[in-house]
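First up is the structure itself, then whatever we jot down about it.
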There are 2 protein chains.
Amino acid sequence: MTSGRVTIADVARRAGVSTAAVSKVVRGAYGVSAEMQAKVSQAIDELGYRPHAAARAMRGRTYTLGVMLSDTRNPFFPDIIEGVTGHLRDTEYQVLLGPGGIEPKTQARMTDAMIDRSMDGLILISPVTTDAELAAIAAGTPVVVIGRHGGAPAYDSVVDDDVMGARLVVDHLVGLGHTRIAHITHLERARAQGLPHTVRAEGYRQAMRAHGLADDMVATSFTEEGGYEGARELLARENRPTAIFAGADIAALGVLRAADEAGLSVPEDLSVAGYDNIGIASLKRISLTSVDQDGQVIGATAARLLVERIEGRTRSVTSSVSPTLIVRGSTGPL
Amino acid sequence: MTSGRVTIADVARRAGVSTAAVSKVVRGAYGVSAEMQAKVSQAIDELGYRPHAAARAMRGRTYTLGVMLSDTRNPFFPDIIEGVTGHLRDTEYQVLLGPGGIEPKTQARMTDAMIDRSMDGLILISPVTTDAELAAIAAGTPVVVIGRHGGAPAYDSVVDDDVMGARLVVDHLVGLGHTRIAHITHLERARAQGLPHTVRAEGYRQAMRAHGLADDMVATSFTEEGGYEGARELLARENRPTAIFAGADIAALGVLRAADEAGLSVPEDLSVAGYDNIGIASLKRISLTSVDQDGQVIGATAARLLVERIEGRTRSVTSSVSPTLIVRGSTGPL
DNA sequence: GTGAAAGCGCTAACAG
DNA sequence: CTGTTAGCGCTTTCAC
């Protein structure tokens, strides 16, 4: 092993060509003869040359795409990530994930860090930020936003049709005879709009109104604990709901805990539904009725749109994925 | 907004100093007067200057640490990540996660990608690779390996005492009167040694022998499906085990599903224990007895060791974290 | 204590 | 089709 790293100059010397030629071969750029291609490729293999990403970043691309995760703990993310990496598997792009946390400040720090590192494009999952900030980011770097409704010209969007998802749940519960159907949503401190929970809550409200029913919402957080607290509050009411629709499965798990503790049988005494159809929802012991949004398709779509943008598309695209209702044992007739 | 990005030269011009001076102030390097410091800082704020990571990478550090994730779906990871990011919160370092997948090949591709991107250090979580490859990586970049026993001089290690964890489970089950205690482990295709599942299996075997009992293992995978399949196989035996110890909670969830489907009550007909104490293990409906390894501490420790290495330590360190047994409702007397 | 200047490895014109 | 050359933004000697 030589002292330093193998550079393009080493390869050029070995192959007896110029550094520019090596650069072209590496990038598969136009204008190289087959002979040159062969010589250089051989030298690359012999020397074990690997392009230095930072040096590339100074002039061209980094072939790095960043995915900003808003909450590492959300079991829905692995599906999206799998969709993204799966779509990019046979390309030159590498995917790096940035744990942004749930605070606007930490998320902003993360996106800044990704931009500082010259990433070629960014996928932001449910970013908690203002439209203005988002537009500012997208002005300098190709961006695809996942899970935020009401797209903007500056970036592409991939969303689940959350209004439809919420309606599917309400229709299902009403069909079972329920009328006192409560909803647990996520309390947002930031002034961000069009986030999934907001739209789900709005869809819930619309669907209830369409059935001539009064809505009943409580805002905690999309965590197991948040669902638990929300359910405790709802179940303590004198005329308690007979069904609870949690805006996320993770919160629905908390609802189930609260029901267990209150000695209520599910679904006999209380029907429970969630959203996201996370893996454990299908466990027999959980058997949670949930809305499935196919994270893999969402992730793959986001990756596709991002690459298109990087490669030149400027017209904004919004892709909407239709959810489906998965009925399981946690919901039943009144 | 000017056409290009704000560079160190812009700041220097504004502050009326040299670029070298600005560089020193930005890095907090030795040898700058308070006056200089103030002038430059002000110019940085006014211009909104941000250091260009790629340019820095050409000469010095990138202030980027990479965490290679071997399986995004493992619910145990968020704890580790939280520990890592928490420890690094008030430092200049940024953490980027690399989804390496479960294949040796994809993991290698990921670590290569991280090295190409000049990351200052790498944390590898349960990497599936040979000791030789690991040593080669660590020769060029500071590395901390999580969850792999039998450390090496080239890198630091943070491990859970898996032998102890397995013993805790076996002792607990034997104390409840069980003698036919089976273990579900992960089938490794690669020739990697010292991975957690291997050590847990070995710990299980040792503990069983210490009690004068015969071991009974089945190797599938640490997934919900793997646990399900393993349990199906075990429960189909004529003299079926009365207790199943799964090497990971995620697999234990599959065991519970198999038990439910077979019409077996837990823990009356079958005791089930897992490992990792993932969040949902505490849900009343799951109530899984499990071994807790405090991922936050593991993550924070790994981050601390990595920074120490980056800053010059060369002596290898291995940090072992003691697990604890969390007894819940899934295990009971025979 | 401060500044001038030489690169780090690569890409993008532009000549040949 | 191939080679020469000029930087990208930053850090780092080394003079002053």
Side-chain angles (χ1 to χ4, degrees), chain A residues 2-41 43-44 47-64 92 113 115-120 140 310, chain B residues 2-41 43-44 47-64 92 113 115-120 140 310:
Chain A
T2 94
S3 67
R5 70 178 299 145
V6 180
T7 76
I8 209 173
D10 298 323
V11 176
R13 207 172 306 123
R14 174 77 157 234
V17 300
S18 73
T19 59
V22 176
S23 176
K24 278 181 186 163
V25 170
V26 169
R27 297 181 343 260
Y30 176 80
V32 274
S33 65
E35 188 196 2
M36 165 78 70
Q37 153 81 30
K39 268 195 306 192
V40 172
S41 296
I44 286 176
L47 264 35
Y49 164 78
R50 296 190 58 90
H52 188 9
R56 288 185 136 180
M58 301 284 298
R59 300 314 249 103
R61 298 184 179 178
T62 55
Y63 298 97
T64 307
E92 287 190 282
I115 292 168
D116 291 343
R117 282 157 185 74
S118 318
M119 294 200 174
D120 292 344
I310 291 171
Chain B
T2 93
S3 67
R5 68 179 299 145
V6 180
T7 76
I8 210 173
D10 299 323
V11 176
R13 208 172 305 124
R14 173 77 157 236
V17 299
S18 73
T19 59
V22 176
S23 175
K24 279 181 185 160
V25 171
V26 169
R27 297 180 346 259
Y30 176 80
V32 276
S33 65
E35 189 195 3
M36 165 79 69
Q37 154 80 30
K39 269 195 306 193
V40 172
S41 295
I44 286 176
L47 264 36
Y49 165 78
R50 295 190 60 88
H52 188 8
R56 286 186 138 179
M58 300 284 299
R59 302 310 254 100
R61 299 185 178 175
T62 54
Y63 297 96
T64 307
E92 288 190 281
I115 292 169
D116 291 345
R117 283 156 185 75
S118 316
M119 294 197 175
D120 292 343
I310 290 172

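Here is the naming used below: chain letters follow the sequence lines, and residue numbers restart at 1 for every chain. Keep in mind it's a predicted model, so treat the numbers as computed, not measured.
An OP1 or OP2 oxygen of D/dG3 is reached within less than 4.0 angstrom by a side-chain nitrogen or oxygen of A/S18. Side-chain nitrogen and oxygen atoms of A/S33 include at least one within less than 4.0 Å of the OP1 or OP2 phosphate oxygen of D/dT2.
Projected onto DNA chain D by closest heavy-atom contact, B/R27 and B/M58 fall at different nucleotides, the more 5' of which corresponds to B/M58. Nearest-nucleotide assignment on DNA chain C puts the 5′-proximal partner with B/V17, out of B/A55 and B/V17. Ranked by how close their nearest DNA chain C nucleotide is to the 5' end, B/A20 and A/Y63 are led by B/A20.
In this structure, CZ of B/R59 is placed 15 Å from C1' of C/dC10, rounded to the nearest angstrom. The distance between atom NE2 of A/H52 and atom C1' of C/dG7, rounded to the nearest whole Å, is 13 Å. Between B/E92 atom CD and D/dT11 atom C1' the separation is 14 Å, expressed in whole Å. Atom CG of B/D10 and atom P of D/dG9 are 9 Å apart (whole Å). Between the OH atom of B/Y49 and the C1' atom of D/dT11 there is a distance of 11 Å, rounded to whole Å. Atom CZ of A/R61 and atom P of C/dT11 are 12 Å apart (whole Å). Rounded to whole Å, the distance from NZ on B/K24 to P on C/dG1 is 9 Å.
Of the candidates C/dG3, C/dC10, C/dT11, C/dG3 carries the atom nearest the B/A21 side chain, counting heavy atoms from C-beta on.
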